[in-house]
Structures are given as structure tokens and as C-alpha cells.
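Chain identifiers are assigned alphabetically (A, B, ...) following the order of the sequence lines, protein sequences preceding nucleic acid strands; residue numbering begins at 1 within each chain. Predicted model, so just to flag it, every value in this text is computed and none were measured.
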Number of protein chains: 2
Amino acid sequence: MRRQTIRDLAKAAGVSISTASNALNGTGRTNAETIERVKRVAEEIGFRPNALARGLLTKRSHAIGMLTNDTYGRLTLPMAAGVSEVLVDHGLSVFLCATNNDPRLARLHLETLLDRQVDGIIFTATRLDLKPPPELAKLSIPVVYAFAEGPADSISFFPDDAQGARLAVEHLQALGRSRILHITGPEDYLAVRVRAKAYRECVGPKAEVLYGDWSEEWGHEAIQQIFARGDARPDAIFCGNDEIARGVIDALRDKELAVPADIAVVGFDNWEVISRQTRPPLTTIDMELKEIGHQAGLAILSLTKGETVPTGITRLPCRLIARQSCGGPPD
Amino acid sequence: MRRQTIRDLAKAAGVSISTASNALNGTGRTNAETIERVKRVAEEIGFRPNALARGLLTKRSHAIGMLTNDTYGRLTLPMAAGVSEVLVDHGLSVFLCATNNDPRLARLHLETLLDRQVDGIIFTATRLDLKPPPELAKLSIPVVYAFAEGPADSISFFPDDAQGARLAVEHLQALGRSRILHITGPEDYLAVRVRAKAYRECVGPKAEVLYGDWSEEWGHEAIQQIFARGDARPDAIFCGNDEIARGVIDALRDKELAVPADIAVVGFDNWEVISRQTRPPLTTIDMELKEIGHQAGLAILSLTKGETVPTGITRLPCRLIARQSCGGPPD
DNA sequence: AGATGTAGATAAAACCTTTTATCAGAAATA
DNA sequence: TATTTCTGATAAAAGGTTTTATCTACATCT
């Protein structure tokens with residue numbers, strides 16, 4: 001059956017179109033019982049306003065675009081969930097656009113989004129230092145960057161990598177560990193450098209950082225290197241991500257060293273498929289990606305309402321998830 | 001600056017609004033050089049049609065909704081990527097709606113999608129036997145089910161679990177293994193039963209299935225059970241997913257059994273973070289989720305164009321990814 | 001009584017596009 | 001020459017909503 005229009009509603013409720021509209025939206029001056037009646041009839045005949053028509057007139061589509069550079073990887077997805085969670089109750093829908101790191105595709109998606117009159121755009125990436133498409137800066141609609149750094153005077157949300165690193169190191173120190181090593185990912189990642197710096201500041205002169213790739217394999221190999229050269233053995237290792245940590249733990253077991261008794265291990269990411277399954281389960285740093293999504297969603301929400309939001313980078317705190325790889329949860 | 005409308009375009013090109021529209025869309029009768037001129041001017045002034053206005057009139061929004069029951073899990077996302085990939089070049093955008101298994105949220109999203117006049121809906125789930133919301137069946141717009149079974153006469157796309165299981169078992173048999181065990185997930189999963197059945201048919205009377213949960217932990221424990229009872233040891237294990245396979249491999253290493261020399265192992269899912277990182281890397285079955293997304297996208301595309309698509313369940317073939325856990329890739 | 005104010009309702013314009021029906025003029029036909 | 005056919009262009013309607021300005025009753029005030 002044909003969808004009911006406001007014209008049908010007006011006729012069924014015995015009022016004019018404008019009155020029907022006013023009654024539903026609470027605009028204009030309308031008698032209380034008229035409002036009541038219109039709403040009841042609307043419910044009865046199943047009237048729901050056409051979002052296209054409404055958007056055309058109000059110039060607000062109540063939709064936003066989410067532009068992500070990867071094919072729905074593990075970093076962007078919790079963020080997308082966070083964004084969506086915040087927005088759904090405000091009637092905002094999300095267009096998901098995976099650019100797959102292809103500039104042509106990014107432009108194509110962007111144009112389509114603009115044609116659809118989206119109220120705003122959230123750009124997310126898999127790397128903090130990945131440059132967002134420059135076209136974004138020139139748009140007249142609000143843009144928010146999540147896990148990516150926008151141009152000057154834009155609004156960006158980051159995990160606080162330095163604080164996360166401190167959290168890890170200080171946790172180890174509080175447990176009495178002093179010879180703490182840092183095995184991490186490639187040095188050309190911004191996050192890697194930020195964390196390494198914070199680590200160095202906490203640990204002092206004895207700090208030592210081993211850069212490699214993000215794999216379990218590298219965690220393994222790093223342990224071989226350490227033990228091959230045979231100088232003073234560390235009593236704790238802070239790893240750049242959970243995969244490396246898993247490799248480290250496995251390598252230590254092969255060497256018949258006990259975790260955490262001999263060496264404590266902390267990971268980064270709290271990627272549960274790994275961190276819960278290591279033996280012992282991994283104490284790690286959670287970047288609270290969903291919370292980043294929440295904040296980005298709230299920011300875009302405020303902006304579309306015309307409210308102002310402070311510009312610049314907001315670093316959101318990480319959280320330590322205590323499991324058994326450092327000596328058991330506080331408990 | 002204000003967005004250019006077709007009125008601006010018409011004025012700039014010195015033609016009427018209707019001519020401008022006809023020229024751009026190739027409708028009506030229009031002189032070749034007029035078309036050329038209008039298009040050039042459109043490019044110059046940066047005119048792009050307002051999708052809302054167009055959709056209002058044509059009753060086709062060129063957008064579809066993707067309803068997924070989980071919070072952006074690892075199964076639905078590759079599918080979403082596949083859908084988007086196929087549709088973007090046809091100008092269709094995708095609203096991503098995560099219902100988080102909450103019926104209230106599902107209804108809310110569905111209503112919003114209908115208000116937005118989407119041209120179709122793709123429903124995806126994390127389990128084949130999860131019942132989609134019944135409201136979907138009654139819609140007047142096309143609906144396609146991916147990784148979920150719709151009602152009779154609907155259109156569904158599944159991975160071919162039986163074929164996938166056969167692929168695994170036959171691969172092992174071709175490598176000369178004969179005592180093949182199956183360690184898998186909970187029996188109340190449809191996919192688990194289908195795979196187990198196919199496994200039994202391939203292996204014959206010596207078949208043995210151990211049901212548990214989807215965890216690495218269970219893979220571990222299953223190996224303990226097998227060896228505790230001490231009868232003839234298997235020479236190959238077909239696992240229900242990669243996590244179980246990883247647990248199995250680790251447990252075998254603890255028992256100083258060589259993989260694949262003593263026992264070959266095959267996984268299921270090709271979840272790369274696991275399957276590439278086991279030692280040795282895991283031979284496994286890929287469900288080709290992205291391809292399922294492609295097919296679902298193509299189906300919805302045809303349907304929105306009014307073409308007909310055969311109803312029923314289409315099972316798409318799985319693919320064997322040969323790594324080292326069965327005796328090395330063909331290389 | 002006449003002027004003023006107010007509550008409640010409404011007609012009509014606006015948003016931007018596509019599409020139908022109409023029109024003017026040129027070319028072809030009778 | 002008068003009539004028909006055809007090309008190319010256009011005015012106007014339509015789509016479903018919000019909003020502005022207008023209108024009618026009726027109550028209040030002087």
C-alpha cells in the first residue's frame with residue numbers, strides 16, 4: 001500500500017496540512033487536544049514523515065558520513081560502533097564509506113556524501129599519522145577526525161598514547177620491576193614514537209627500545225636477540241601491541257622462564273582474541289576506541305546543532321586491563 | 001558559498017531548467033551541442049544535483065540499509081566491505097545499522113531506513129541460524145539475507161559449509177592421512193552440524209566429533225582428553241575454527257608432537273590474525289565473506305532495478321588456504 | 001460600541017529536481 | 001500554398017514536507 005503522507009494525515013484528522021505539521025513538531029500555536037488527536041491519528045494510519053522531503057526543506061538530512069581509510073579493520077570498527085551508538089537515539093544515521101586507501105574512491109564517496117546533504121563527516125583511520133584527504137578541510141559542513149589528525153583548527157580525537165605507555169610502565173614499577181624493556185612496532189608510526197618517548201621518560205637511563213614490526217613473530221625474535229647477547233636480563237617487558245606480547249610470552253615459555261614470576265609482560269590494544277588467550281592472560285592497555293567513537297559522535301552532534309566545539313586534538317585516556325601476566329589482577 | 005542548483009546552471013548555460021535537466025540525464029530531445037554546453041557549464045560552476053530532491057521525485061534514494069545483528073563483529077564487516085565495494089560504482093550508498101541484538105534497536109533502525117526511502121535492505125548476522133526480524137518479510141522493498149536465512153521465497157547467501165568441510169577433509173586424505181578427528185564448536189550452531197555431517201560422510205565409520213566452545217582453551221582441553229584416554233592417536237585434526245586450531249597446535253607442541261609431521265591440523269575461518277601467526281602457520285578454510293557481500297550487493301542492485309533474482313539459498317564455495325600445518329603449501 | 005489583542009487554524013510559498021504536456025519554428029509533404 | 005511532421009526547447013506540475021504570513025473568531029480593554 002502507498003505510504004501515508006501528511007496530506008492523508010491531515011484529511012484523516014480533519015485539519016489542514018500545516019496544523020498537522022505543527023502538531024507533530026510542536027511548532028506554531030496549536031491547541032493541546034488538537035495535538036493529541038493528530039498524534040493519535042498519525043499512529044493509527046501509520047504516518048511517518050518522508051525524510052527526503054523534510055531534509056530537502058530544512059537542509060538537514062540527519063545523516064552523517066563516516067569515511068574510513070581501511071576495509072573495516074579492527075581499529076575503525078569499535079569506533080564506528082561508538083559513533084553509531086551515540087547518534088542513533090538522536091535520529092542520525094551513518095553512511096559507511098570504506099575508501100580502501102584509494103584517493104579516487106575517497107573523492108567519489110565524498111562527492112556522493114555531499115550530494116546527499118550529509119550534516120557532517122567523521123574521518124577515521126588506522127594510523128594516527130595518516131594524512132586525511134585535503135578536500136575535507138575546505139568543506140562547509142562540520143568534519144571531525146577520529147584516530148587521525150586534521151589540519152590546524154580542526155577537531156581531532158586521539159588515544160593518549162603517552163599516558164597509556166606511562167600507565168603500563170608505572171604499573172610494572174609499582175609491582176617492583178626495574179629493568180623494563182620496550183619491544184614495539186615500526187619506528188615510522190607516530191604512536192610508536194610517542195609511546196617510546198613516554199616509556200623512556202618513566203624508565204630513565206636504563207631504557208631500551210627494540211623496534212620491529214607488529215607481528216607475533218617479531219616478539220619471538222626480539223626475545224632471541226635479547227638472550228643471545230647475554231647481558232643483564234630484564235624483569236619486565238612492555239610490548240607495543242598484543243601480538244608482539246603473545247610472541248614474547250611464547251618465546252619466554254620456550255626458554256622456561258615464568259611469566260610473571262621471572263618476567264612480567266604488558267601488551268597494548270587489548271585485542272581480546274589475543275589478550276585473553278595468552279597463557280597467562282595478558283595485562284594490557286585498552287585504547288578505549290569505542291569511547292573515541294562516542295566523543296567523535298557527540299562532537300559532530302553538537303556541531304550539526306550549530307553549537308561550537310573546542311578545536312584541536314583531544315587525547316582520551318587509555319585504561320589498564322589487569323590480567324595475570326604481571327602478577328595477577330589487584331583482586 | 002551556496003550550493004549551485006539546477007536553476008543556477010540553467011541561467012549560466014542560457015537554457016531552461018528542463019533543458020538543463022534533460023541534457024544532464026540524456027532524457028528528452030536535446031541538441032547534441034546543447035548537451036555539450038550544459039555539461040561543460042555544470043562542470044565549471046561545480047553543479048551537482050541534490051540527491052534529496054531527486055530522490056523525493058523519483059522515489060529512489062539510491063541508498064540501501066545494511067542491518068547487522070552484532071556490534072560490528074569480524075564476520076559482518078568483511079561482508080559489509082564487499083557490499084559497499086560492489087555498490088559504490090553504481091552510486092548506491094550504504095547505511096550501516098548495528099542492532100546489537102536488541103529488537104528495540106532493530107525496529108528503530110528499520111523505521112529510520114524506511115523513512116529515508118532506502119531502495120533495499122541487506123540483513124546480515126553472525127550466525128546462520130539466527131532468525132531475522134519478522135518485520136523484514138513484510139516490506140515492500142527488496143530484502144536480501146547474507147549469512148542468515150530469510151523466510152521462504154526470500155533470497156539468502158550462505159557459505160557452503162559442507163563443501164568447506166569436505167575441502168578440509170579431502171585435503172588431509174590426499175596427503176595420506178586417514179585417522180582424522182574433528183574438534184569443533186557448540187552443537188547448537190547450524191554451521192557446526194552441517195560441517196560435522198559432511199566430515200562424517202567423508203571420513204566414514206572412524207569419524208569422531210568433539211563438540212565444545214569456540215575458544216583456544218577448548219582446543220587445548222580437547223587434546224588433553226584425547227591423549228588421556230590413550231587409544232589410537234589421530235594423524236590429523238580438522239578444527240571448527242582457527243582459535244580452536246591454535247589451541248590444538250599449542251597443546252600438541254606441549255606434548256612434543258610435531259605439526260604437521262606427526263599430526264596435521266586444518267582450521268576454519270582464515271582469521272588471519274590467528275591463522276598466519278600460529279607456528280607453523282595454519283592451513284585453513286576461508287568462507288569468502290567478502291564474496292558473499294559482493295553477491296548480496298549484486299542481488300540487491302538487480303532487485304532495485306526491477307530485475308528478478310532467483311529466490312532461495314545460494315551457497316557460495318569456500319576456499320582452502322594452504323599454509324604449513326598440513327605439510328606445506330603445494331608451493 | 002469600537003479598538004485592540006490573542007488563540008488557533010490555514011493558505012501558500014519554498015526547497016530542488018524530474019517529467020509531462022505544450023509550443024514555436026523549421027522542414028517535409030501534399 | 002496549406003498542411004503535416006519533426007526538432008528542440010520550455011512552462012508548469014508534481015513530489016512531501018516546513019514555515020511564513022494571513023485570516024477568523026472571540027475575548028479583553030477603554
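- In this structure, B:Ile17 reaches the bases: a heavy-atom distance under 4.0 Å links it to at least one base atom across the strands shown.
- Between B:Phe147 and B:Phe158, the distance separating the two ring centers is not shorter than 6.0 angstrom.
- Residue A:Arg54 has its side chain nearest to D:dT17 when only D:dT17, D:dT19, C:dT17 are considered.
- Closest contact between the side chain of B:Thr58 and the listed nucleotides D:dT17, D:dT18, C:dT18 involves C:dT18.
- Between A:Trp271 and B:Trp271, the ring-plane angle classifies as perpendicular under the 30° and 60° cut-offs.
- Going from atom CZ of B:Phe47 over to atom C1' of C:dT18 covers 11 Å, rounded to whole Å.
- Which of C:dT18, D:dA9, C:dC15 sits closest to the side chain of A:Leu57 comes down to C:dC15.
- If you check D:dT18, D:dG16, C:dT19 against the side chain of B:Ser21, the one that comes closest is C:dT19.
- For the OP1/OP2 pair of C:dT17 and a distance below 4.0 Å, the side-chain nitrogens and oxygens of B:Asn50 include no atom meeting the criterion.
- For A:Ile6, the listed nucleotide lying nearest its side chain is D:dT18; candidates were C:dT10, D:dT18, C:dC16.
- Among D:dT10, C:dA12, C:dT17, the nucleotide with an atom closest to any side-chain atom of A:Ser18 is C:dA12.
- Between C:dT18 and B:Asn25, a contact under 4.0 Å exists linking OP1 or OP2 to a side-chain N or O.
- Within the structure, every side-chain polar atom (N or O) of A:Lys59 is placed at least 4.0 Å from both OP1 and OP2 of D:dT18.
- Comparing B:Pro49 and B:Arg29 by the nucleotide of DNA chain C whose heavy atom lies nearest to each, the residue mapping closer to the 5' end is B:Pro49.
- In this structure, B:Leu56 and B:Thr27 both approach DNA chain C, and ranking their closest nucleotides by distance from the 5' end singles out B:Leu56.
- For D:dA9, the OP1/OP2 oxygens have no side-chain nitrogen or oxygen of B:Thr19 closer than 4.0 Å.
- Among the nucleotides C:dT17, D:dA11, D:dG16, the one closest to any side-chain atom of A:Ala53 is D:dG16.
- Put simply, the side chain of A:Phe123 does not reach to within 4.5 Å of the side chain of A:Ser156, judged on heavy atoms.
- Donor-acceptor pairing under 3.5 Å is recorded for the side chains of A:Asn22 and A:Thr27.
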